[in-house]
Protein chains: 2
Amino acid sequence: MKRVTMADVAERAGVSKSTVSQYLNQRYEYMGEETKKKIAEVIDATGYQANTLARSLKQKRTFTIGVIVANILHIFSTQVIRAIEDVCHQQDISVIVCNADDDPKKEEKYITMLRAKQVDGLIVFPTGENKTLYDQMVQERYPLVFVDRLVEGLSVDTFLLDNKAALRLAVDYLVEKQHRYIAIITTSLIRHVTPRVERISGYRIALEQHDLPIHEEYIQGVNVEDISIALAHLLALTPRPTAIIAGNDLTLMEILKSIKRDKKHIPNDFALLGIDDVAYAPLFEPPLTTIAQPAFQIGEAAARCLLEKINSESMNDRRQPGIHRFQPKLVVRASC
Amino acid sequence: MKRVTMADVAERAGVSKSTVSQYLNQRYEYMGEETKKKIAEVIDATGYQANTLARSLKQKRTFTIGVIVANILHIFSTQVIRAIEDVCHQQDISVIVCNADDDPKKEEKYITMLRAKQVDGLIVFPTGENKTLYDQMVQERYPLVFVDRLVEGLSVDTFLLDNKAALRLAVDYLVEKQHRYIAIITTSLIRHVTPRVERISGYRIALEQHDLPIHEEYIQGVNVEDISIALAHLLALTPRPTAIIAGNDLTLMEILKSIKRDKKHIPNDFALLGIDDVAYAPLFEPPLTTIAQPAFQIGEAAARCLLEKINSESMNDRRQPGIHRFQPKLVVRASC
DNA sequence: CTGAAAGCGCTTACAG
DNA sequence: CTGAAAGCGCTTACAG
């Protein structure tokens, strides 16, 4: 019933706790064969399992990191999390994932909670609204890494898509396909979230480079619930857009639902290009052309970067934090 | 740089650690207003955050649970996890998720690791291959709950779909649609994993109830990589099945890929019914008829059950563990 | 080669 | 109403 403790093991093996501890930590250097064997036996017999909590308290290291995603509904988040978990578990680091649900209050709560739990570091998809908190961590030189979103004026390693390149790829391809009237729909812009903002601006830049005029009405940043309306609005415009870019997976899903509901035909009614290579993209009729984010690589890089920070003895051998951009890939199928 | 500790707060507030601790734990009963105010001030000024580790060590409670899923690639797992996280976070319980990747060795590692971390309880989608370990937890009366899979001879609360009912629903519907030649494909059966085994047997029972013969060749349990082959095999049989049931989401995805590749037409070439109501089901052409699992409810119930166990003071007010079946729902669309 | 002692940062009877 | 002391289960110099 009661868990066996190191003291118990020591007693039963007739040695001191220190020796058991040495044994556990493989500090065999000066340990007698006899002693080793005895301890091994007792551990085996009792099924003793060291209490990580106690060790962590003493060592000031929990071998656990926290991940706070802004919104877990995006598959991008899910994929990044998986990558993080993969690299962490390989190194016997646990990860606690929290979903801020795009709510800065929740984000604050989770940051506080995870730090109280003494996690060794944090990977966050920042809502952007808790600058004081972020800044405090930077000041303390607490191991911190951002993913997907930039926070202005903060020197934190940030891993994200090269959004500008993504939109350049998208627009280039659509133009090549003879489209001149290209619209874009994405989820709400009110919070100035990096990917959305950068994708819109990337869109503008790309159009300009093709000497195409920018119709402000062609740019729709609306709540998920209103995407269907935004789409209808777009299709009622003159000139009517012949191609539409879905700014992310959630947007794409909504557009697809509208298409089914209204029995539109792609690419005849309009060409469609999605950002985020969703799993069902090849299954849709027609198969969807998308821009893929290297989510796995982003997550992996973020995790490695964080672990490196955690392991860097002196704060000094840490490099200057920077922005790490990852290249998008165009996956050509048949929707445009 | 250095984190401020309770001793620091006590000193600066001119009181003892005990008092600070009382304050933190809202044991205000006998506390002077003055004292309260002073402590509050110091905490505010220093940004003091209690170290949960130390508290946990003393209280023998970490306010953290572990979740080990057999295979995170199933959306069912993802949805259950989300539900668990939702109910836990509401109660300020953190959750650490691990993916055993269908590997009993990994499962063992994670169980050991999580218990070493002193998590207050465990929700596991058991691989089924670590009976000794499971049994040990049962013996210790360690809070444990299973999801999705039964482990024979073990008295553990288990939350899962009523698989038999699910197949009854499926077969009933197909029969109603005039199908007499109904086949089923699912992922490998070698490990005798509950959902697969029960779905096959549910399929048999349902066919019998309709006085339909059972063609053993119509039952395919194969590895994911071989699903496409199994499908081709099925379609080459005489009599050729007119309807196919996909045993889970991964199977469905593979079948769909084959369909696209071979330019088959649903439901003309054959009717298709999937278990797991995947997000893209309404988007496929034709929209897919599926059997939905109440994944969210299952996760929620499992989490509540675990938290209850954790909170039940005496072991005695614990109910007898049992099997909790959840009812499937037929979502009629157009693929059969 | 091994052990005694202090300490990590809390909580919790208990005394006063 | 508040504090001294012991203790949670480890690790880590240090002594011998």
Side-chain angles (χ1 to χ4, degrees), chain A residues 1-40 42-43 46-64 112-113 115-120 313, chain B residues 1-40 42-43 46-64 112-113 115-120 313:
Chain A
M1 196 88 267
K2 205 171 139 289
R3 299 209 73 180
V4 13
T5 167
M6 183 177 277
D8 301 335
V9 175
E11 192 182 6
R12 289 185 54 160
V15 299
S16 76
K17 286 192 300 170
S18 320
T19 308
V20 177
S21 178
Q22 311 275 37
Y23 175 85
L24 254 25
N25 292 294
Q26 328 241 25
R27 301 192 63 73
Y28 297 142
E29 296 139 46
Y30 306 107
M31 202 170 296
E33 280 306 320
E34 275 299 281
T35 318
K36 263 199 251 184
K37 207 176 302 171
K38 253 188 312 185
I39 296 177
V42 176
I43 287 180
T46 54
Y48 169 69
Q49 260 301 125
N51 180 329
T52 310
L53 239 45
R55 165 183 298 152
S56 293
L57 182 59
K58 185 72 198 182
Q59 288 188 160
K60 298 174 170 307
R61 191 105 150 60
T62 53
F63 301 94
T64 304
T112 311
M113 178 198 249
R115 296 216 51 195
K117 272 192 189 301
Q118 313 299 116
V119 297
D120 297 333
E313 304 295 308
Chain B
M1 198 86 263
K2 205 171 138 293
R3 296 208 76 180
V4 12
T5 168
M6 183 178 278
D8 301 335
V9 175
E11 192 183 6
R12 288 186 52 160
V15 299
S16 77
K17 284 193 301 171
S18 322
T19 307
V20 177
S21 178
Q22 311 275 40
Y23 175 85
L24 252 26
N25 293 294
Q26 328 242 26
R27 301 193 62 72
Y28 297 143
E29 296 136 47
Y30 307 107
M31 200 170 298
E33 279 306 320
E34 276 298 281
T35 318
K36 264 199 250 182
K37 206 176 302 170
K38 251 187 312 184
I39 297 176
V42 176
I43 288 180
T46 55
Y48 168 70
Q49 259 302 125
N51 180 330
T52 309
L53 239 45
R55 165 183 298 152
S56 293
L57 182 58
K58 186 73 200 182
Q59 290 188 158
K60 297 174 170 308
R61 189 104 150 65
T62 53
F63 301 93
T64 304
T112 310
M113 180 198 247
R115 295 214 53 194
K117 272 191 190 300
Q118 314 297 116
V119 296
D120 297 333
E313 303 296 308

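Labels below follow one simple rule: chain letters A, B, ... track the order of the sequence lines, proteins then strands, and each chain is numbered from 1.
- At D:dG3, none of the side-chain N or O atoms of B:Gln22 fall inside 4.0 Å of OP1 or OP2 (strictly under the cut-off).
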Report task. Apply side-chain contact (heavy atoms from CB on, under 4.5 Å) to A:Leu24 and A:Met6, showing your working. Result -> CA-CA 10 Å; A:Leu24 254 25; A:Met6 183 177 277; 3.5 Å; yes

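- Looking at the side chain of A:Ser18, the nearest of the listed nucleotides C:dA5, C:dC8, C:dC10 is C:dA5.
- Per the geometry, NZ belonging to B:Lys36 stands 12 Å off C1' belonging to D:dC1, to the nearest Å.
- Contact annotation: B:Thr5 reaches the phosphate of C:dC10 (side-chain N/O to OP1 or OP2, under 4.0 Å).
- Map B:Gly14 and B:Leu57 each onto its nearest nucleotide of DNA chain D; the residue landing nearer the 5' end is B:Gly14.
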Report task. Would you please test A:Tyr23 and A:Ile43 for side-chain contact (heavy atoms from CB on, under 4.5 Å) and show each step? Result -> CA-CA 11 Å; A:Tyr23 175 85; A:Ile43 287 180; 3.8 Å; yes

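- In this structure, A:Asn51 places its CG atom 10 Å from P of D:dT11, rounding to the nearest Å.
- Taking atom CG on B:Leu53 and atom P on C:dT11, their separation rounds to 12 Å, with Å as the unit.
- A:Thr35 comes within contact range of the sugar-phosphate backbone alone, with a heavy-atom separation under 4.0 Å but no base atom that close.
- Comparing atom distances between the B:Ser16 side chain and each of D:dT11, D:dG3, C:dC10 picks out D:dG3 as nearest.
- Between B:Tyr23 and the phosphate of C:dC10, there is no side-chain N or O to OP1/OP2 separation shorter than 4.0 Å.
- A 3.5 Å limit on both hydrogen-bonding distances identifies C:dC14 as the Watson-Crick or G-U partner of D:dG3.
- Distance, B:Glu11 CD to D:dG3 P: 13 Å, rounded to whole Å.
- Going from atom CZ of B:Arg55 over to atom P of C:dT11 covers 5 Å, rounded to whole Å.
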Report task. Evaluate the criterion side-chain contact (heavy atoms from CB on, under 4.5 Å) for residue pair B:Asn25 and B:Arg55; output intermediate values, then yes/no. Result -> CA-CA 11 Å; B:Asn25 293 294; B:Arg55 165 183 298 152; 4.0 Å; yes

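- Note: NZ (A:Lys58) to P (C:dA6) measures 12 Å, nearest angstrom.
- Dashed line: the shortest gap from a side-chain N or O of A:Ser21 to OP1 or OP2 of D:dT11 is under 4.0 Å.
- Nucleic acid contact for B:Lys60: sugar-phosphate only, since backbone atoms but no base atoms lie under 4.0 Å from a heavy atom of the residue.
- Annotation: the span from B:Asp8 atom CG to B:Lys17 atom NZ amounts to 11.0 Å, rounded to 0.5 Å.
- Put simply, CE on B:Met6 is 8 Å from C1' on C:dT11, counting in whole angstrom units.
- Nucleotide D:dC1 holds its P atom 14 Å from the CD1 atom of B:Ile39, rounded to whole Å.
- Contact annotation: B:Tyr48 side-chain N/O to C:dG9 OP1/OP2 distance is not under 4.0 Å.
- Side-chain contact check for B:Ser18 and B:Ser21: no donor-acceptor pair (N or O, by modelled atom type) lies under 3.5 Å.
- At least one side-chain nitrogen or oxygen of A:Asn25 sits closer than 4.0 Å to the OP1 or OP2 atom of D:dT11.
- Considering only the side chain of B:Lys17, C:dT11 comes nearest among C:dG7, D:dG3, C:dT11.
- In terms of modelled atom types and a separation under 3.5 Å, the side chain of B:Thr46 and the main chain of B:Val42 share a donor-acceptor contact.
- Among the nucleotides D:dG9, C:dT11, D:dA4, the one closest to the side chain of A:Ala54 is D:dG9.
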